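Since the structure comes first, as C-alpha cells, the remarks are kept for the end.
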Amino acid sequence: MSKVYDFLNEAGVFYLATADGAQPKVRPLGLVLELDGKVMFGVGDFKDVYKQLQADPLVEIVAAKPDGNWLRYTGKAVFETDPKYSEAALEASPNLKSVYNEETGNKLAMFHLEDAEAVVIPVMGKGESIL
C-alpha cells in the first residue's frame with residue numbers, strides 16, 4: 001500500500017471519480033493518509049460525493065506526477081467508523097478543522113478501497129501493477 005500512498009502524496013492533487021446515477025462525477029482531492037496498512041481518503045458526510053459513494057461504492061482515483069507518470073487506483077470505497085481516522089486526518093490537515101468541527105456540525109467521513117487494483121502508467125508504455 002505504501003507505493004500507492006507515496007505516489008498520491010507526491011502527486012499532491014488527485015482525482016476521485018464516482019457515479020451519480022448514470023453520470024460520472026470527478027473532483028480533485030488532496031487528503032490522503034496511510035494508517036493501519038490502509039490508504040485513507042476523506043470527504044464531508046454532508047457532500048454529494050458522500051451520497052454518491054454510499055449509493056455506488058465503486059470508484060477510481062487518478063493522479064499524475066510532473067514527469068508524466070500516472071496512477072490509476074480502483075476499488076470499492078469502504079467507510080471507517082473509528083473516529084481515530086478522521087482525527088488523524090484533521091491533525092495532518094489542520095486547515096480542515098474550520099470546516100469539520102462541533103460548531104459547524106460537519107463530519108469528515110474516512111474511507112479506504114477494498115478489492116483494489118493500482119497501476120502506474122508511464123507516459124509511453126505499458127502500466128505496471130503495484131498492488
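Bear in mind the structure is a predicted one, so any value in this text is a computation, not a measurement.
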Indicate, with yes or no, if V49 and L96 share a hydrophobic cluster defined by side-chain heavy-atom contacts under 4.5 Å among Ile, Leu, Val, Met, Phe, Trp and Tyr.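 Each belongs to a different hydrophobic cluster.
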Would a single hydrophobic cluster contain both Y50 and Y100, if residues Ile, Leu, Val, Met, Phe, Trp and Tyr are joined by side-chain heavy-atom contacts under 4.5 Å?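 Y100 does not cluster with Y50.
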What pairs meet the salt bridge (charged side-chain N to carboxylate O under 4.0 Å, His left out) rule with one or both residues in residues 97-113, with sequence neighbours excluded?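 For residues 97-113: E91-K97.
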Which Ile, Leu, Val, Met, Phe, Trp or Tyr residues join Y15 in one cluster when any pair of side-chain heavy atoms under 4.5 Å counts as a link?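 Joined to Y15, directly or through intermediates: V13, V26.
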Can you name the side-chain hydrogen bond (donor to acceptor under 3.5 Å, both in side chains) partners of K51, sequence neighbours left out?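 Testing K51 for side-chain hydrogen bond (donor to acceptor under 3.5 Å, both in side chains), a comparison that skips the adjacent residues, returns none.
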Tell me every residue that passes side-chain hydrogen bond (donor to acceptor under 3.5 Å, both in side chains) with E87, counting only those two or more places apart in sequence or in another chain.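 E87 satisfies side-chain hydrogen bond (donor to acceptor under 3.5 Å, both in side chains) with no residue once adjacent residues are dropped.
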Distance-only donor-acceptor hits, side chain of residues 115-131, under 3.5 Å, sequence neighbours excluded:
from: S129; atom 1: OG; to: L131; atom 2: O; distance (Å): 3.3

Using every non-hydrogen atom in the two residues, find where A22 and P24 come nearest and quote the distance to one decimal.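 Scanning both residues, the minimum pair turns out to be O-CD, 3.5 Å.
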If every non-hydrogen atom of G42 is compared with every non-hydrogen atom of M110, which pair is closest and at what distance?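 For G42 and M110, the tightest heavy-atom pair comes out as CA-SD, 3.6 Å.
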Under 3.5 Å, which donor-acceptor pairs link side chains of residues 61-79 to any protein atom two or more places apart or in another chain?
from: K65; atom 1: NZ; to: E10; atom 2: OE1; distance (Å): 2.9
from: D67; atom 1: OD1; to: N69; atom 2: N; distance (Å): 2.9
from: D67; atom 1: OD2; to: N69; atom 2: ND2; distance (Å): 3.2
from: R72; atom 1: NE; to: E60; atom 2: OE2; distance (Å): 3.3

Under the ring-ring contact (aromatic ring centres under 6.0 Å, His included) test, which residues partner F41, sequence neighbours left out?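 Testing F41 for ring-ring contact (aromatic ring centres under 6.0 Å, His included), a comparison that skips the adjacent residues, returns F14, F111.
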Could you check whether any side-chain heavy atom of L108 comes within less than 4.5 Å of a side-chain heavy atom of L90, counting everything from C-beta outward?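 Contact flag for L108/L90 side chains = yes.
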Judged by atom type as modelled, is there a donor-acceptor pair below 3.5 Å linking the side chain of T104 to the main-chain atoms of V99?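 Side chain of T104 to backbone of V99, a donor-acceptor pair under 3.5 Å: yes, one is there.
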Indicate every side-chain donor-acceptor pair of residues 27-39 with a distance under 3.5 Å to a residue at least two apart or in another chain.
from: R27; atom 1: NH1; to: L16; atom 2: O; distance (Å): 3.4
from: R27; atom 1: NH1; to: T18; atom 2: OG1; distance (Å): 3.0
from: R27; atom 1: NH1; to: K25; atom 2: O; distance (Å): 3.4
from: R27; atom 1: NH2; to: Q52; atom 2: OE1; distance (Å): 2.8
from: E34; atom 1: OE2; to: S2; atom 2: N; distance (Å): 3.2
from: D36; atom 1: OD2; to: K84; atom 2: NZ; distance (Å): 2.7
from: D36; atom 1: OD2; to: Y85; atom 2: OH; distance (Å): 2.6
from: K38; atom 1: NZ; to: E80; atom 2: OE2; distance (Å): 2.9

